[in-house]
Asker: 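The structure that follows is given in the form of structure tokens.
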Amino acid sequence: MKGAGPAMNVTLKHLQAFVAVAREGSFTRAARRLALSQPALTIQINQFEEELGVRLFDRTTRRVMLTDNGTEFLPTAERLLDDFESAIADVREVAQRRRGRVSVATLPSIALKAMPDILAAFRDTYPGISVHLHDANASGVQRRVSRKEVDFGLASMWEPDADLAFEAVMRDPFGLVCRADHPLAEATGPVRWRELAGHTFLGLGHDTGIRPLVQSVDGLPDNLRQPEVEVSNIATLEGMLVAGLGISVLPRLAMPDHHPNDLIFRPLVEPELARDICLITRQGRSLSPAAESMRDMVIARLGGSGAP
DNA sequence: GTTATCGCTGGGATGGCAGT
DNA sequence: ACTGCCATCCCAGCGATAAC
């Protein structure tokens, strides 16, 4: 590729050489500044001039002066170098977690119960990284991860997906939830599924991740298998529970806790049931440094707290 | 990329010269 | 004898080139 025509490309070194000579007004001083021998610098400038087809410096043995073309080009060359250097600095800052952005989709229950502490700790450690939190139900979380709307999700598995990786980070046990004056609230501690038979059951709809798990329990009483009342979101369910319309079954994290005196939670046994809260990422795709930091913090804070 | 070396030149040092 | 001017000499330091 040598010879006539575009034989050699302009490189960053050519730009650096040009700007250094222009600033120093001397090949020798510029070469010292670039940690280069003077002849090497002369060659860089010659190559550059040849490549551009323009003489950049008028040099005598005593003086180096920018030509009109060189004077005109200098500000552009300086800006190019500045842009290059600041782009490199930006990448380094992101890599060092001093700047960045991470977005996470979680179940509302996790957003409410676990994320405030995690976010506070994260902001302390990585003040330059902004965090965007989206809450959605289990299928919504999975969809947001698939569509790359978020870096990762935090939810129970809605349905298997080969394009997604699920990493269980905590277990969230199911329990009975009812008003404190309900007969089932007289005892404390674990309660058996079959003890729920015959009570008015308020169930969650099929679009939640909770419903199919409950349906999977062996020997589920009929009133739980076919609920008399079915609602689609937890806020509605909570209102009905507080009103004393019936009982329900929820994971502990989904248990409303701003009515501490109105509602009680008793863990369910025979069998025990829990949902795995998973960290959901796109299969085979690496996380950004910011997202990786958040992932590590989520695992550190959640991992172990709910595990058996 | 380097080192060794080239030829060139600005400017200090020097000295010749004319005017006073 | 002194002063001001200018031509010449010399060399440090310059960028370019050759050789590796």
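A note on names: the letters A, B, ... follow the listed sequences, proteins ahead of strands, and every chain is numbered from 1. Source: prediction; values computed, not measured. Note that these values count all heavy atoms, side chains included, but never hydrogens, waters or copies made by symmetry.
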Asker: Mind running side-chain hydrogen bond (donor to acceptor under 3.5 Å, both in side chains) on A/Gln38 and A/Thr42 for me, showing each step along the way?
Answerer: CA-CA 6 Å; A/Gln38 171 261 315; A/Thr42 295; 3.1 Å; yes
Asker: Going 5' to 3' along DNA chain B, which nucleotides are the first and last within contact of chain A (any atom under 4.0 Å from a heavy atom)?
Answerer: B/dG1 to B/dG10
Asker: Which atom names give the shortest non-hydrogen contact between A/Ala155 and A/Leu107, and what distance separates them?
Answerer: CB-CG, 3.7 Å
Asker: Distance check: side-chain N/O of A/Arg59 vs OP1/OP2 of C/dA16, anything under 4.0 Å?
Answerer: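 Affirmative; the distance criterion is met.
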Asker: Can you check the A/Arg55 CZ to C/dG15 P distance for me, whole Å?
Answerer: 13 Å
Asker: For A/Phe57 and C/dA16, give me the distance from atom CZ to atom P, rounded to whole Å.
Answerer: 11 Å
Asker: If you draw a 6.0 Å radius around CG in A/Asp218, do more than 12 non-hydrogen atoms from other residues or ligands fall strictly inside?
Answerer: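 No, not enclosed.
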Asker: Could you list the donor-acceptor pairs under 3.5 angstrom formed by side chains in residues 69-82 of chain A, with sequence neighbours left out?
Answerer:
unit_1	atom_1	unit_2	atom_2	d
A/Thr71	OG1	A/Thr67	O	2.8
A/Glu78	OE2	A/Arg23	NE	3.1
A/Glu78	OE2	A/Arg23	NH2	3.2

Asker: Tell me: CG of A/Leu56 to C1' of C/dG15, nearest whole Å?
Answerer: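 Interatomic distance, CG of A/Leu56 to C1' of C/dG15: 16 Å.
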Asker: Please determine whether a side-chain nitrogen or oxygen atom of A/Thr42 lies at a distance below 4.0 Å from atom OP1 or OP2 of C/dG15.
Answerer: no
Asker: In whole Å, I'd like the distance from the CD1 atom of A/Ile45 to the C1' atom of C/dG15.
Answerer: 12 Å
Asker: Using whole Å, what does the distance between atom C1' of nucleotide C/dA16 and atom CG of A/Asn46 come to?
Answerer: 8 Å
Asker: Under 4.0 Å between a Lys/Arg side-chain N and an Asp/Glu carboxylate O for A/Asp172 and A/Arg252?
Answerer: no
Asker: Write down the distance between CE (A/Met65) and P (C/dG15), rounded to a whole number of angstrom.
Answerer: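 That distance rounds to 14 Å.
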Asker: Partners of A/Phe122 by ring pair (Phe, Tyr, Trp, His ring centres under 6.0 Å), sequence neighbours excluded?
Answerer: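 Testing A/Phe122 for ring pair (Phe, Tyr, Trp, His ring centres under 6.0 Å), a comparison that skips the adjacent residues, returns A/Tyr126.
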Asker: Kindly indicate whether the side chain of A/Val169, heavy atoms from C-beta on, has any atom under 4.5 Å from the side chain of A/Leu154.
Answerer: yes
Asker: A/Glu49 CD to C/dG15 C1': how many Å, rounded?
Answerer: 12 Å
Asker: Can you list, by residue number, the residues of residues 20-33 of chain A that have a non-hydrogen atom closer than 4.0 angstrom to DNA chain B?
Answerer: none
Asker: Can you name the residues that form a salt bridge (charged side-chain N to carboxylate O under 4.0 Å, His left out) with A/Arg32, not counting sequence neighbours?
Answerer: none
Asker: Would you please name every residue forming a side chain to side chain donor-acceptor pair (under 3.5 Å) with A/Arg266, sequence neighbours left out?
Answerer: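 Per chain and number, A/Arg266 pairs via side chain to side chain donor-acceptor pair (under 3.5 Å) with no residue.
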